[in-house]
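Below: one structure, written as C-alpha cells.
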Amino acid sequence: MITTTQKKAEQRDRRHARIRSRITGTEARPRLSVFKSNRFMYAQVINDETGTTLAAVWTKAVKGKNFMEKAAAAGKEIADKAMAKGVTQVVFDRGGFNYIGKVKAFADSAREAGLKF
C-alpha cells in the first residue's frame with residue numbers, strides 16, 4: 001500500500017525529472033539547484049557540462065530566527081559565493097518544489113544580491 005508521504009515524494013520526483021529534462025547548467029549559465037527538507041534547505045551552483053559544483057550553501061550554516069529568514073539568508077550567501085567565482089547568471093532549478101514560501105524567499109534574496117535568472 002502506498003502512503004500519502006510516498007505518493008507526494010513520488011510526485012515531486014516526477015516534477016523534478018520533468019524540470020531537469022529541460023534545464024541544464026553550462027559554463028556561461030550554471031544551474032542553481034535547490035533541495036528542501038523538513039529541517040534544512042540546500043542549494044548548489046552546478047556546471048553540468050563538467051559535473052562540478054561551483055558554490056554550495058545550506059541553512060544550518062546561516063543565521064536566522066525561523067526557516068524563512070534562514071532561506072533568505074542562504075539565498076544571499078549563495079549569490080555572494082557565486083559572484084566571487086565570477087558567476088552572474090544562473091538557471092534556477094526549483095527541484096520539483098512549488099515556487100512559494102521558502103523557495104520563493106530564497107530565489108528573491110538571491111536576485112536581490114545580484115544573481116540574474
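Of all heavy-atom pairs spanning Asn47 and Gly25, the tightest one is OD1-O, 3.8 Å. The two residues Ala71 and Ser109 come nearest to each other via the heavy atoms O-OG, 4.2 Å. For Ala107 against Phe117, the heavy-atom pair with the smallest separation is O-CZ, 3.6 Å. Residues Ala43 and Leu32 approach most closely at CB-CD1, 4.4 Å, considering heavy atoms. Closest non-hydrogen pair, Ile46 versus Thr53, comes out as CG1-OG1, 4.3 Å. Across Ile19 and Gly96, no two heavy atoms sit closer than the pair CD1-N, 3.8 Å.
For the atom pair CZ of Arg29 and CD1 of Ile23, the computed distance is 10.0 Å after rounding to the nearest 0.5 Å. Separating the OH atom in Tyr99 from the CZ atom in Phe106 is a distance of 10.5 Å, to the nearest 0.5 Å. To the nearest 0.5 Å, atoms CG (Asn38) and NZ (Lys36) are separated by 8.0 Å. Here the straight-line distance linking atom CZ of Arg15 with atom CZ of Phe97 works out to 8.5 Å at 0.5 Å rounding.
Considering only residues two or more places apart in sequence or on other chains, Arg14 meets the salt bridge (charged side-chain N to carboxylate O under 4.0 Å, His left out) condition with Glu10. Remark: Arg111 engages Asp108 in a salt bridge (charged side-chain N to carboxylate O under 4.0 Å, His left out) (not counting sequence neighbours). Residues passing the side-chain hydrogen bond (donor to acceptor under 3.5 Å, both in side chains) test with Arg31 are Asp48, Asp93, sequence neighbours excluded. Residues meeting the ring-ring contact (aromatic ring centres under 6.0 Å, His included) test with Phe67, sequence neighbours left out: none.
Side chains of Thr3 and Thr5: no donor on one and acceptor on the other come within 3.5 Å.
Phe92 places a side-chain heavy atom less than 4.5 Å from the side chain of Val34.
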Tyr42 and Ser37: CA distance, side-chain angles, deciding distance, side chain to side chain contact (heavy atoms under 4.5 Å, CB included) verdict: CA-CA 8 Å; Tyr42 310 86; Ser37 70; 4.2 Å; yes
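No single ILVMFWY cluster, assembled from side-chain heavy atoms under 4.5 Å apart, contains both Val91 and Phe35.
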Which side-chain N or O atoms in residues 78-90 pair as donor and acceptor under 3.5 Å with protein atoms at least two apart or in another chain?
{"unit_1": "Asp80", "atom_1": "OD2", "unit_2": "Lys76", "atom_2": "NZ", "d": "3.2"}
{"unit_1": "Lys81", "atom_1": "NZ", "unit_2": "Ala56", "atom_2": "O", "d": "2.9"}

Acceptor/donor pairs from residues 58-66 side chains to any protein atom, 3.5 angstrom cut, sequence neighbours excluded:
{"unit_1": "Thr59", "atom_1": "OG1", "unit_2": "Met41", "atom_2": "N", "d": "3.0"}
{"unit_1": "Asn66", "atom_1": "OD1", "unit_2": "Met68", "atom_2": "N", "d": "3.3"}
{"unit_1": "Asn66", "atom_1": "OD1", "unit_2": "Glu69", "atom_2": "N", "d": "3.0"}

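In the displayed structure, Gln11 atom CD is contacted under 6.0 Å by more than 12 heavy atoms of other residues, nucleotides or ligands.
A side-chain donor-acceptor contact under 3.5 Å links Arg12 to the backbone of Gly95.
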